[in-house]
Amino acid sequence: MRYLTFALGKGRLAKQALATFEKIGITCQEMKDKDTRKLIFVNEELKLKFFLAKGPDVPTYVEYGAADIGVVGKDTILEEARNIYEVLDLGFGKCRMCVCGPKEAQELLQHHELIRVATKYPRIAKDYFYNKKHQTVEIIKLNGSIELAPIVGLSEVIVDIVETGSTLRENGLGVLEEVCPLSARMVVNQVSMKMEHERITKIIQDLKEVLAEGGQ
Ligand code: PRP
């Protein structure tokens, strides 16, 4: 039996992914050691390997088959647009992709004005404004702390992730429009899905059952 390799997006998602996998008997003791500098973890018994990667790199590893399975946010899947199968909504990491800004900017979204939109997600922003709203905008790519942009006058609005809404509130901004709901998803390499069909569909099925039990 060959190893099945999992790529997990670093951080909160990875922790929750491991907790979910544990419920279906997929464990990786090695990975729980907080002080480890190891990059790849093995469960010899189940013939599984796990590694942590930056979120936006997870779809890349999965597309090229360096990982058979990935766990990553829907935002990253949409933004990276890789050739991979999205097979399951894991139900955690729930948040929303939104157009946000000061209240005054609401008006600018209604009249097809040429506005500036700052975002870490240029593909998602472009798709939303060009294909859904048919509004021509200038998209400015940023790498973090997106909420700064409308405050310092870089852009009129932003497209960003909203979870609790507290970052917006504390900075005098609000949600103006919702682009789409987000959560963690399981993704699979297209060749692995065929070559390891039985093992992978069993994992998907088992996960579906524990998710259903959890009221997801
Ligand atoms: C994300 C997002 C918002 C914030 C939303 O940023 O970009 O800034 O979380 O969460 P809230 O609605 O609960 O306040 P993250 O912390 O990932 O860092 P970033 O600003 O570097 O993208």
Side-chain angles (χ1 to χ4, degrees), residues 6-20 31 34 39 50-62 67 70-82 84 86 89-106 108-109 115-133 135 137-187 214 216:
F6 290 71
L8 309 177
K10 263 185 204 167
R12 265 181 303 174
L13 281 195
K15 268 196 198 143
Q16 294 185 72
L18 287 173
T20 306
M31 220 165 173
K34 282 197 196 90
L39 294 171
F50 301 85
F51 66 84
L52 296 174
K54 283 258 184 193
D57 295 337
V58 169
T60 313
Y61 284 107
V62 174
V71 173
V72 68
K74 177 71 178 173
D75 50 318
T76 305
I77 295 173
L78 292 171
E79 189 59 29
E80 296 301 315
R82 293 282 177 177
I84 50 179
E86 182 189 322
D89 184 343
L90 292 165
F92 54 80
K94 279 192 180 159
C95 49
R96 300 181 292 157
M97 185 65 73
C98 297
V99 180
C100 311
K103 260 197 251 109
E104 310 81 75
Q106 186 89 62
L108 304 170
L109 297 171
I115 53 169
R116 285 180 172 169
V117 180
T119 186
K120 206 153 99 175
Y121 302 91
R123 186 191 294 265
I124 295 174
K126 203 169 167 187
D127 178 61
Y128 181 70
F129 278 98
Y130 283 65
N131 301 334
K132 297 214 176 72
K133 282 179 67 81
Q135 180 172 2
V137 295
E138 183 180 346
I139 291 171
I140 303 172
K141 163 90 199 262
L142 289 179
N143 296 296
S145 303
I146 316 298
E147 291 84 356
L148 261 178
I151 299 170
V152 298
L154 176 66
S155 69
E156 281 80 14
V157 298
I158 60 174
V159 167
D160 200 16
I161 291 174
V162 179
E163 193 180 351
T164 62
S166 54
T167 311
L168 291 176
R169 262 191 312 276
E170 286 183 29
N171 290 289
L173 306 171
V175 170
L176 304 175
E177 290 176 358
E178 181 172 321
V179 177
C180 61
L182 303 169
S183 58
R185 308 292 160 99
M186 178 168 149
V187 294
Q216 301 283 346

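In listed order, ligands and their atoms are each counted from 1.
- Within ligand 1, the atoms closer than 4.0 Å to a non-hydrogen atom of Thr167 are 4 (C), 5 (C), 10 (O), 11 (P), 14 (O), numbered from 1 in the order shown.
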Show the numbers, then the answer: is there a side chain to side chain contact (heavy atoms under 4.5 Å, CB included) between Ile158 and Val117? CA-CA 5 Å; Ile158 60 174; Val117 180; 5.9 Å; no
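- For atom 17 (O) of ligand 1, the closest non-hydrogen atom of the protein is Lys120 NZ, 4.7 Å.
- Remark: ligand 1 atoms within the under-4.0 Å shell around heavy atoms of Ser145 are 19 (P), 20 (O), 21 (O).
- Within 6.0 Å of CZ in Arg116 there are 12 or fewer heavy atoms belonging to other residues, nucleotides or ligands.
- Under the 4.0 Å distance rule, the nearest protein heavy atom to atom 22 (O) of ligand 1 falls inside the cut-off.
- Leu176 and Gln106 get closest at one heavy-atom pair: O-NE2, 3.4 Å.
- Remark: ligand 1 and Gly144 share no N or O pair separated by less than 3.5 Å (distance only, no angle test).
- A donor and an acceptor atom, one from each side chain of Arg185 and Ser183, are located under 3.5 Å apart.
- The distance criterion of under 3.5 Å between nitrogen or oxygen atoms is not met by Asn143 with respect to ligand 1.
- For the pair Gly55 and Val72, the tightest heavy-atom approach, listed with the atom from each and the gap, is O-CG2, 3.6 Å.
- Residue-ligand proximity, Thr164 to ligand 1, at heavy-atom distances under 4.0 Å covers atoms 11 (P), 12 (O), 13 (O), 14 (O).
- One side chain, Glu177 or Tyr128, offers a donor N or O that lies under 3.5 Å from an acceptor on the other.
- The line from OG1 of Thr164 to CZ of Arg169 is 6.0 Å long, rounded to the nearest 0.5 Å.
- Distance check on atom 3 (C) of ligand 1: some protein heavy atom falls below the 4.0 Å cut-off.
- Closest to atom 9 (O) of ligand 1 among all protein heavy atoms lies Ile161 O, 4.6 Å.
- Listed by number with element, the atoms of ligand 1 under 4.0 angstrom from any heavy atom of Ser166 are 12 (O), 14 (O).
- Taking both residues in full, the closest heavy atoms of Glu156 and Ala105 are given as O-CB, 3.9 Å, listed atom of the first, atom of the second, then distance.
- Less than 4.0 angstrom separates some heavy atom of Val162 from each of these atoms of ligand 1: 12 (O).
- Ring geometry for Phe50 against Phe6 counts as parallel: the plane angle stays under 30°, on a 0 to 90° scale with 60° as the upper cut.
- Here is the list of ligand 1 atoms found below 4.0 Å of a heavy atom in Glu147: 3 (C), 8 (O).
- Distance from atom 7 (O) of ligand 1 to its nearest protein heavy atom, with residue and atom name: Asp160 OD2, 2.8 Å.
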